[in-house]
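Structure record follows, encoded as structure tokens.
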Amino acid sequence: SQELEQSPQSLIVQEGKNLTINCTSSKTLYGLYWYKQKYGEGLIFLMMLQKGGEEKSHEKITAKLDEKKQQSSLHITASQPSHAGIYLCGAYISSGSARQLTFGSGTQLTVLP
Amino acid sequence: SQTIHQWPATLVQPVGSPLSLECTVEGTSNPNLYWYRQAAGRGLQLLFYSVGIGQISSEVPQNLSASRPQDRQFILSSKKLLLSDSGFYLCAWSANGGYTQYFGPGTRLTVL
């Protein structure tokens, strides 16, 4: 099974709606990273969370890392077509090597105008 | 500011042919460098990483190899491509001592 589980796998929302993407690990996360990818392009770094309970925002995107540091959520407020793409979470997991950033399988977001 | 380049952007190669993908980083010194493969419908798989010139660590045994001939240059190679080598190859860098990775635009490789 995946070390990082993302849900949902895909999401279709109407423009203007709010949405949440989750990233869950069974192990402690040492640094949780959110990236966005458009099809056929590289990953764009959105934000990094490190401390339990930490919350960061970038424009209309907010990410939180829970107190136990095993789950993160990405929330988009008033979604726009520009938010469409694949959202990936990545983390250095306690069982991995120091240099191995483990990724979830991604959430495909479609925003309908 | 730092930028990362990859080329070529797309490549179609026959089975059994050699491969060379190049990645260069500008605006930083002594970066950590990474090669990932993203296969269709699957997540990102770390292939190689390097913490310095000539220092390569392999995460997955395979048909591929990596080299770092210069501080900001990372090359992914193969002597003979397999069909299973098809995928989207991404190069990334992080600052020396840092953990946030920044990705290049990727190379789409199709092996026929």
Side-chain angles (χ1 to χ4, degrees), chain A residues 1-10 21-25 28-51 54 56 58 63 65 69 72 85-108, chain B residues 1-11 21 23-25 31-52 55-60 66 74 86-110:
Chain A
S1 64
Q2 287 262 35
E3 289 186 291
L4 277 182
E5 297 279 351
Q6 274 189 247
S7 63
Q9 286 187 320
S10 65
I21 297 169
N22 293 302
C23 178
T24 303
S25 171
T28 300
L29 303 172
Y30 296 95
L32 189 288
Y33 299 79
W34 283 102
Y35 291 87
K36 179 185 174 185
Q37 183 182 29
K38 298 226 167 181
Y39 179 76
E41 299 180 10
L43 278 66
I44 299 169
F45 171 69
L46 295 176
M47 57 192 89
M48 185 268 279
L49 305 164
Q50 201 162 17
K51 299 176 184 177
E54 188 174 9
K56 286 187 179 178
H58 173 69
L65 182 62
K69 295 174 67 175
S72 178
I86 301 169
Y87 288 83
L88 294 125
C89 63
Y92 292 100
I93 297 178
S94 56
S95 63
S97 73
R99 287 290 161 198
Q100 184 158 358
L101 192 58
T102 300
F103 285 90
S105 55
T107 296
Q108 172 80 56
Chain B
S1 64
Q2 300 84 11
T3 54
I4 179 168
H5 304 279
Q6 285 186 245
W7 61 86
T10 60
L11 192 59
L21 303 181
C23 171
T24 58
V25 181
N32 300 316
L33 297 171
Y34 310 82
W35 277 113
Y36 288 87
R37 177 168 57 204
Q38 187 177 36
R42 300 178 67 179
L44 283 151
Q45 180 186 37
L46 178 64
L47 303 175
F48 300 96
Y49 69 87
S50 170
V51 298
Q55 299 178 63
I56 310 293
S57 295
S58 173
E59 291 294 320
V60 182
F74 206 20
S86 292
F88 192 52
Y89 288 83
L90 288 156
C91 180
W93 73 274
S94 66
N96 185 14
Y99 290 91
T100 300
Q101 295 184 23
Y102 301 94
F103 286 77
T107 295
R108 173 75 58 192
L109 172 66
T110 304

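So that the names make sense, note that chain A is the first sequence line, chain B the second, and so on, each numbered from 1.
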Determine, stepwise, if the pair A:Gln37 / B:Phe88 fulfils side chain to side chain contact (heavy atoms under 4.5 Å, CB included).
CA-CA 12 Å; A:Gln37 183 182 29; B:Phe88 192 52; 3.8 Å; yes
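- Atom OG1 in B:Thr100 sits 12.5 Å away from atom CE in A:Met47 (nearest 0.5 Å).
- To the nearest 0.5 angstrom, A:Phe45 atom CZ is 11.0 Å from B:Gln101 atom CD.
- The nearest pair of heavy atoms linking B:Phe103 to A:Leu43 is CB-O, 3.6 Å.
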Could you walk me through whether B:Tyr36 and A:Leu101 satisfy the side chain to side chain contact (heavy atoms under 4.5 Å, CB included) test, starting with their C-alpha distance in whole Å, then the side-chain angles of each, then the deciding distance to 0.1 Å, before giving a yes or no?
CA-CA 10 Å; B:Tyr36 288 87; A:Leu101 192 58; 3.7 Å; yes
